[in-house]
A.B. asks: 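I'd like to ask some things about the structure below.
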Amino acid sequence: MSHKIIIYQVFTRLFGNRSLNRKENGTLVENGCGKMSFFDATVLHRIKKLGVTHIWYTGVIRHASKTDYSEFGIPRQHPAVVKGNAGSPYAITDYYDVDPDLAENVGDRMGEFEALLARTHKAGMKVIIDFVPNHVARQYKSVAKPVGTKDLGETDDTNMGFSPSNNFYYCVNTPFEPYFDLHSGKCGPYTEFPAKATGNDHFDSHPGVNDWYETVKLNYGVDYCDAGGRSYHFSPVPNTWMKMIDILRFWAGKGVDGFRCDMAEMVPVEFWSWAISSMKADYPGLLFIGEVYNPSLYRSFVAAGFDYLYDKVGMYDCLCGVMRGTCPASAITWQWQAVDDIKEHMLYFLENHDEIRLASDFLAGDARRGFPALAVSALMYNNPFMFYAGQEFGERGMDKEGFSGIDGRTTIFDYWTVMSLYNGYVDRRKLSIGEKTVKQYYSKVLNVATTEKAVSCGLFFDLMYVNNNSVGFNPDRHYAFMRKCDDEVLLVVANFSGVQADCEIVIPAHAFEFLHLPETTVWAKDLMSDDTPLQMVLSCGCSVEVKVSAYGCRVYKFIV
C-alpha cells in the first residue's frame, strides 16, 4: 500500500519554549528559546499519534541573529542587517552549522542535532530540514565547513559584476547604501564594499526596507543584467553548483530524509535537474519539496526531479477563498483539474510559517471554521498534506511579538512563546476546551488520512458536477467526493457553511463504472463521529441523504 505523507512543520526555536515572559522585542535571555532536547521520546510519540509521518524542523541551520555567541567562535552579526532579535532562519550564516539558539550545550550543537535525528527516526518519523539555495546572510562566514572546503565568495573576483566563477553578484566599486539607516546602537554603521546584490533579485546597491536586505543573492551562472537580457552560463558547471551540492551531501550524509527548498523557482531549473538526480543516485528515497509559486513552472520543476511542490497559488488560495466566502466550494474542482496530470506531486497545506494562521482575524477567525478545508485537503488525494505546529490547537497568530506585528502570522524573527504550543506540549493542564476540540478533530482527520487505504492509494471521484441541483446541496458551500481502494469506499461531504447541511448526494452511473461499484445495500460508518451506521442503497443515479453539521464533515466508510 502507498504511504500517505503527513508533514508537521515545527519552527524549532518556538516549540517547547518554557518562558512565559513574552516581552515585545525581547532578547534570548528575556524571552527564552525552544531547544532540540525538548523533542524527547514522549513529545515525539505525541506528535506521531497525530498521524504525522515527517517532521520539518524549520530553522535548524545557523542563521543571522543579534545574539552574541562569539565566545564559541561564532562571528557576530551586525544588527543593522538582521531582522528581529532572533533573525530570519532564511538568512543563513553557515550552511554547515546548527543554530546555537537550539542547543543546550552550544559547543555540542551538531551532536545535539544528530541525537534529534536519531530520536525522531526511532519514533517512526522522518526528518525534513530547510535548504536555502537562493540567498545567504550579508555576513555569511562558515566556521564549521569541512577541511578543504572554500567558503562562499572566498575566491570571487569582486571587480566583476557577474562571472560564472563567482558565488555572488557585485556592484563594482560601489558601497552598500540601502534606503534605511545602517547605524544600530553602539556598533557603528554596517559597511559592505563592493555591495552585493540583494536576495530578492535586487541588483543595485540600494535595497529598501521591504526588500530582503539582510540577504545576498547567490550566483548560479545566470547573468540577470546582460546587455541583451538574461543569459545563462552553465558549462562548465558553475562553482556555486558544486558548493551547493556539497552542502546537500553533508546533511544527507547525517541522515536527513528530505529538503524543503526555499524559493526554489528563483534558482535555475537546470541546477535542480543536475543536483537532484545526483543526490537521488546516492540517497534513494531522499525527498525534495519545492517552494514554487508560479503554476506555469510546475511541470518543469517536477521534470527536474522535485517530489512535491507547494500548491499555494491554487488549492491553498482557493480554500482560503471558500472559507472567507469569496469563492464557491465548486471552485475546488477546477483547482485539482488544473494540475491533474501532476496531482501526486502537489503538497497541500492550510498553514505554514509564511502564511496567516487559519484561525486568525485575517482568515477564518475560528479554527473550527477550517475543519471542512482540513478534511478536503487531507483526504481528497494520495498526495502529501502539511500542517504547522500550533495549527492543531487553533493557534490564532495574533500576538505582537516585536519585529513581527499583529499580522495573523507566528513570528519567525523574534524570541517568543506561542501559547497554544505551550499549553499543548509544556503544560497540558492549561489547554482550553476549544484547543482540545481542535486537536481531537485534527487527530481524527489525519489518522484517517494515514490509516485508510482508500486515502493513501485509492481512486478519487469528484461528485460536484452532478450535484449542482441536488436537494439541499449548495455548491457554493458544500463539497463532496468519493475515494475507493479494493473493496473499501469513502464518501466525503464537507460543509463550509455555518448552517447544518441536510442534503442529498447523487452518485452517478459514471462513478459506479469508474470506481467499479456494485449495486447493493451497505452500512456506512462515519469515521468522524460515533453516530449509528447509516444504511445506504447504492444504485446507478441513486442519492444518499446526509446531515452535516455547520463547518463539519462526514467521512462515510463502507465495504462493497
Side-chain angles (χ1 to χ4, degrees), residues 1-2 4-6 49-52 315 319 322-323 329 332-333 336 348 350 367-385 387 392 437-464 467 470 472-474 477-497 500-507 511 515 517 522-536 538 542-560:
M1 185 176 80
S2 298
K4 176 80 172 185
I5 291 176
I6 303 293
K49 282 183 66 178
L50 280 169
V52 172
M315 190 58 74
L319 288 170
V322 177
M323 284 185 281
I332 296 169
T333 299
W336 70 254
Y348 288 170
L350 297 172
R368 289 167 291 191
R369 295 184 65 181
F371 286 172
L374 169 68
V376 169
S377 52
L379 303 180
M380 71 181 295
Y381 271 145
N382 311 343
N383 60 325
F385 175 75
F387 67 114
E392 73 273 30
T437 299
V438 176
K439 180 177 181 290
Q440 182 182 37
Y441 197 90
Y442 269 76
S443 183
K444 281 184 178 180
V445 171
L446 298 179
N447 276 283
V448 167
T450 54
T451 61
E452 294 296 331
K453 63 182 180 180
V455 176
S456 61
C457 59
L459 297 171
F460 165 80
F461 192 91
D462 192 318
L463 293 168
M464 294 299 286
N467 280 288
S470 295
F473 190 86
N474 180 357
R477 307 308 298 153
H478 305 151
Y479 187 74
F481 60 92
M482 298 179 75
R483 304 296 309 274
K484 181 176 182 290
C485 183
D486 298 330
D487 61 349
E488 298 182 7
V489 184
L490 300 181
L491 170 62
V492 182
V493 185
N495 179 13
F496 289 87
S497 167
Q500 177 175 293
D502 297 294
C503 56
E504 294 184 5
I505 304 297
V506 173
I507 303 177
L515 299 175
L517 289 174
V522 298
W523 287 96
K525 169 62 179 173
D526 178 24
L527 301 180
M528 298 304 298
S529 71
D530 296 323
D531 289 358
T532 302
L534 176 70
Q535 187 180 52
M536 293 184 182
L538 301 179
C542 69
S543 62
V544 177
E545 294 184 11
V546 298
K547 295 181 184 294
V548 189
S549 62
Y551 304 117
C553 184
R554 293 285 195 181
V555 183
Y556 286 113
K557 178 181 180 179
F558 54 89
I559 307 299
V560 295

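Atoms considered below: every heavy atom in the structure, side chains included; atoms not considered: hydrogens, waters and symmetry mates.
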A.B. asks: Distance from Thr451 atom OG1 to Lys4 atom NZ, nearest 0.5 Å?
C.D. replies: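 Between Thr451 OG1 and Lys4 NZ, I get 12.0 Å after rounding to 0.5 Å.
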A.B. asks: Would Tyr441 and Cys553 satisfy side chain to side chain contact (heavy atoms under 4.5 Å, CB included), going step by step from the backbone distance to the final call?
C.D. replies: CA-CA 10 Å; Tyr441 197 90; Cys553 184; 3.3 Å; yes
A.B. asks: Excluding sequence neighbours, so at least two apart, what forms side chain to side chain contact (heavy atoms under 4.5 Å, CB included) with Ala480?
C.D. replies: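 Testing Ala480 for side chain to side chain contact (heavy atoms under 4.5 Å, CB included), a comparison that skips the adjacent residues, returns Leu463, Phe473, Val493, Ile505.
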A.B. asks: Apply side-chain hydrogen bond (donor to acceptor under 3.5 Å, both in side chains) to Thr333 and list each qualifying residue two or more places apart in sequence or on a separate chain.
C.D. replies: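 Residues passing side-chain hydrogen bond (donor to acceptor under 3.5 Å, both in side chains) with Thr333: Asp462.
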A.B. asks: My understanding is that only residues two or more places apart in sequence, or in another chain, count here; which of them pass side chain to side chain contact (heavy atoms under 4.5 Å, CB included) with Ala524?
C.D. replies: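 Only Met536, Tyr556, Phe558 meet the side chain to side chain contact (heavy atoms under 4.5 Å, CB included) criterion with Ala524.
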A.B. asks: Holding to side chain to side chain contact (heavy atoms under 4.5 Å, CB included), I want the full list of residues that pass it with Glu504, two or more places apart in sequence or in another chain.
C.D. replies: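 Result, side chain to side chain contact (heavy atoms under 4.5 Å, CB included) vs Glu504: Val471, Ser543, Glu545.
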A.B. asks: Rounded to the nearest 0.5 Å, what separation is found between the CG atom of Leu446 and the CG atom of Leu379?
C.D. replies: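 The CG atom of Leu379 is 8.5 Å from CG of Leu446, to the nearest 0.5 Å.
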A.B. asks: Between atom CG of Leu50 and atom CZ of Phe387, what is the distance when rounded to the nearest 0.5 Å?
C.D. replies: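 Taking CG in Leu50 and CZ in Phe387, the distance rounds to 5.0 Å.
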A.B. asks: Mind checking salt bridge (charged side-chain N to carboxylate O under 4.0 Å, His left out) for Lys49 and listing every partner two or more places apart, or none if nothing turns up?
C.D. replies: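 Not a single residue meets the salt bridge (charged side-chain N to carboxylate O under 4.0 Å, His left out) criterion with Lys49.
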A.B. asks: What residue pairs, at least two apart or across chains, pass salt bridge (Lys or Arg N to Asp or Glu O under 4.0 Å) with a residue in residues 550-560?
C.D. replies: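 Listed once each, the pairs are Glu452-Lys557, Glu488-Lys557, Asp526-Arg554, Asp531-Arg554.
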A.B. asks: Could you tell me the separation between the CH2 atom of Trp523 and the OG1 atom of Thr532, rounded to the nearest 0.5 Å?
C.D. replies: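 Output value for this atom pair is 9.0 Å.
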A.B. asks: Quick one: list whatever passes ring-ring contact (aromatic ring centres under 6.0 Å, His included) with Phe496, sequence neighbours left out.
C.D. replies: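 By the ring-ring contact (aromatic ring centres under 6.0 Å, His included) rule, Phe496 matches no residue at all.
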A.B. asks: So does Leu515 get a backbone contact from the side chain of Lys484, meaning a donor-acceptor N/O pair under 3.5 Å?
C.D. replies: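 Yes; at least one donor-acceptor contact below 3.5 Å.
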A.B. asks: For Phe460, give me all partners under ring-ring contact (aromatic ring centres under 6.0 Å, His included), at least two apart in sequence or on another chain.
C.D. replies: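 With neighbours one apart ignored, the set is Trp336, Tyr381, Phe481.
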A.B. asks: Quick one: list whatever passes salt bridge (charged side-chain N to carboxylate O under 4.0 Å, His left out) with Asp487, sequence neighbours left out.
C.D. replies: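 Testing Asp487 for salt bridge (charged side-chain N to carboxylate O under 4.0 Å, His left out), a comparison that skips the adjacent residues, returns none.
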A.B. asks: CG of Leu491 to CE of Met482: how many Å apart, nearest 0.5 Å?
C.D. replies: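 Going from CG on Leu491 over to CE on Met482, the span is 5.5 Å.
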A.B. asks: With rounding to the nearest 0.5 Å, note down the distance linking NZ in Lys444 to CG in Leu374.
C.D. replies: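 The NZ atom of Lys444 sits 12.5 Å away from the CG atom of Leu374.
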A.B. asks: List in chain and number order the residues that pass ring-ring contact (aromatic ring centres under 6.0 Å, His included) with Tyr551, two or more places apart in sequence or in another chain; answer none if no residue qualifies.
C.D. replies: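 If we apply the ring-ring contact (aromatic ring centres under 6.0 Å, His included) test to Tyr551, skipping adjacent residues, there are no hits.
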A.B. asks: Please report the closest heavy-atom contact between Leu350 and Ala373, naming both atoms and the distance.
C.D. replies: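 Scanning both residues completely, I find the closest heavy atoms to be CD1-C, 3.8 Å.
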A.B. asks: With sequence neighbours excluded, tell me which residues meet side-chain hydrogen bond (donor to acceptor under 3.5 Å, both in side chains) with Asn447.
C.D. replies: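 By the side-chain hydrogen bond (donor to acceptor under 3.5 Å, both in side chains) rule, Asn447 matches Ser443.
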A.B. asks: What pair of heavy atoms forms the shortest contact from His478 to Ala501, and how long is it?
C.D. replies: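 For His478 versus Ala501, the nearest heavy atoms are NE2-CB, 3.5 Å.
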A.B. asks: Do other residues, nucleotides or ligands put more than 12 heavy atoms under 6.0 Å from the NZ atom of Lys547?
C.D. replies: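 For Lys547, atom NZ is not crowded (no more than 12 foreign heavy atoms under 6.0 Å).
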A.B. asks: Not counting sequence neighbours, which residues clear salt bridge (charged side-chain N to carboxylate O under 4.0 Å, His left out) with Arg477? List them please.
C.D. replies: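 With sequence neighbours excluded, Arg477 shows a salt bridge (charged side-chain N to carboxylate O under 4.0 Å, His left out) to no residue whatsoever.
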